[in-house]
2 protein chains.
Amino acid sequence: MTEERYLAAYDPRAYPPVAVTVDVVALTIREGALHLLLVRRAEPPYADFWALPGGFVRPVEDLDAAAGRELAEETGLGGDDLRRVHLEQLATYGTPGRDPRMRVVSVAYLAFAPDLPEPSAGTDAGEAEWLPLAALPSRRLAFDHERIVADGLERARAKLEYTPLATRFLGQEFTIAELRAVYETVWGHPLHAGNFHRKVLSVPGFVESTGATTEHGGPRGGPRARLYRAGDARLLHPALLRPATEETAR
Amino acid sequence: MTEERYLAAYDPRAYPPVAVTVDVVALTIREGALHLLLVRRAEPPYADFWALPGGFVRPVEDLDAAAGRELAEETGLGGDDLRRVHLEQLATYGTPGRDPRMRVVSVAYLAFAPDLPEPSAGTDAGEAEWLPLAALPSRRLAFDHERIVADGLERARAKLEYTPLATRFLGQEFTIAELRAVYETVWGHPLHAGNFHRKVLSVPGFVESTGATTEHGGPRGGPRARLYRAGDARLLHPALLRPATEETAR
DNA sequence: CTGAGTAGTTCTCAACCTGAGAGGAACCCC
DNA sequence: GGGGTTCCTCTCAGGTTGAGAACTACTCAG
């Protein structure tokens, strides 16, 4: 059996070393637009390029923990704030040559965060920023990070359909209109306010009422809105499907 | 920036080595039951335990290629047969201590295969077998492979909802009833034949008619069935949702 | 060869869900 | 105080789903 042959005959220490890293696609919504957390690289390769926050997994550290640590380091977030962030494994990228220095296998994570204070605040160094996604196409990222971001975005769009994770972009209490704005921002098209409202309230466990309303109406008028918090569902049934996008990815 | 500090100050060669492996959750349907490909380990750790087929990623080998190679080695499949198998990345498992020998990060893959000849046929050694999933609970697997299998099964069930991958469990041509049997097997409950039929034919690109029918009726009677082949859709719109499973994973 | 049973396919009908539009009411700003 | 904006609810038509039944073509046992 090949596995056994390898385990027996093969001493990994004798082979070219492999490094394992984590990279985080961290998304948030600021001023109605999706933003991506990027850090500026100081050293080659790709010096001065922007890249996803990430780094080596430590010798005794779980992958999830490494991703959480990287996110905390770059955002300056800790404790409770960090606990409000959704973090999930996205995919693993390990094509030979993706890092010119050595074989690097990178486990990518996807994070949804509420609107946070400016990044890099807590950390020791370096430039970090929340980049509006609209500005991304004009910026080349290090390594294969553009592909990772694209995969992350697609995953994010899909996740909003069948999970209540849209609430992770918002504070503890939010209005249905704010929740709708999250969907519109991530999916990139407007939704019918009335139908969205009906649907959100009809899915069991998506949101629960706090009984309270906003203090004031909206800045441009309109009544006060009722406030909700996230419910206890982890999956939405029935799902909130996004309007058909013409071609079904044939 | 922490990543940079590491890259500069940190020589991975000086650290305890990390090994990267792939493991494959390969599923097929034989005699109306889901089966999982397992190999028997010859060497410690977990000698004599059954495990997922897998092994080290070679120094210059892409992750997907490594998974395909492991699958081919254990099934004795090659060329065209292998091309009919669906292979996708599942998730990555890297908790420290999951392999007692050293730090091992394993990239798991999920495969859907049509009913294949007995495994291990083409390979050089070792025991390999297709185990009916019903027999799995009574068997302890090596490492954290039970968890990986559980994750793979959940992914498989979800994938059948919104992709046409159920066809990958079947031959080039199949009847709607055979397709329905795949869904019933993977989801674990019976489906309404008439409604399933209507739905499959109404989703664009799921299946296309060959114009032919089976040579004979079924073994216990019934008319000949029309034959179809997989269509060109890669996503099902609208999806084929599985009946609500009581608790919505609250 | 015949009749009972099985299964593929189509149809019907009620229940539900969705998209689109409209309207009432609360609120902002001027 | 009035115009414009937004939250929330309602209505209605169209589509989809779940359940059941009908029709027909076939196999198998007798």
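Computed from a prediction, not measured in an experiment: that's the story for all the values here. Order of the sequence lines sets the chain letters (A, B, ...), proteins ahead of strands, with each chain counted from 1.
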Return the value, rounded to whole Å, for the distance between atom NE2 of B:H216 and atom P of C:dA7.
17 Å
Rounded to whole angstroms, how far apart are OH on B:Y183 and P on D:dG18?
14 Å
For B:R180 and C:dT6, give me the distance from atom CZ to atom P, rounded to whole Å.
15 Å
Please tell me which of the listed nucleotides, D:dC7, D:dC26, C:dC27, lies nearest to the side chain of A:R224?
C:dC27
As a test of reading the structure: which of C:dG8, D:dT6, C:dA20 is closest to the side chain of A:R198, going by heavy atoms?
C:dA20
Using modelled atom types and a 3.5 Å cut-off, is there a donor and acceptor pairing between side-chain atoms of B:T92 and backbone atoms of A:V107?
no
Sugar-phosphate, base or nothing in reach of B:P238, heavy atoms under 4.0 Å:
nothing
Could you please name the option among D:dA19, D:dC7, D:dA25 that lies closest to any side-chain atom of A:P223?
D:dC7
Around atom CZ of A:R140, are there more than 12 heavy atoms from other residues, nucleotides or ligands closer than 6.0 Å?
no
Between A:F206 and A:Y183, what is the ring plane arrangement, given parallel below 30°, perpendicular above 60°, and tilted in between?
perpendicular
Taking 4.0 angstrom as the limit, do B:R155 and B:D151 come out as a salt bridge?
no
Heavy atoms from C-beta onward define the side chain here; which of C:dG8, D:dA19, D:dT9 lies closest to that of B:A225?
C:dG8
To the nearest Å, how far apart are A:H192 NE2 and C:dG21 C1'?
7 Å
Whole-Å distance between C:dG8 P and B:L227 CG?
12 Å
Does A:K199 have a side-chain nitrogen or oxygen under 4.0 Å from the phosphate oxygens OP1 or OP2 of C:dC17?
no
Tell me the interatomic distance from B:R242, atom CZ, to D:dG18, atom C1', rounded to whole angstroms.
18 Å
Return the value, rounded to whole Å, for the distance between atom CZ of A:R226 and atom C1' of C:dA25.
12 Å
Between A:A239 and A:G194, which residue's closest nucleotide on DNA chain C lies nearer the 5′ terminus?
A:A239
What about B:H197, does its side chain sit under 3.5 Å from the base of C:dG8 through a donor-acceptor pair?
no
Rounded to whole angstroms, how far apart are CZ on A:F174 and P on D:dC7?
15 Å
Touch check for A:G222, heavy atoms < 4.0 angstrom, all strands: base, sugar-phosphate only, or nothing?
base
If you assign each of A:Y228 and B:R220 to its closest nucleotide in DNA chain D, which residue comes earlier from the 5' end?
A:Y228
Look at the side chain of A:L201 and decide which nucleotide, out of D:dT9, C:dT18, D:dT17, has an atom nearest to it.
D:dT9
Comparing A:N195 and A:E215 on DNA chain C - which has the more 5′ nearest nucleotide
A:N195
Checking the side chain of A:E184 only, and the main-chain atoms of A:P190 only, is there a donor and an acceptor separated by less than 3.5 Å?
no
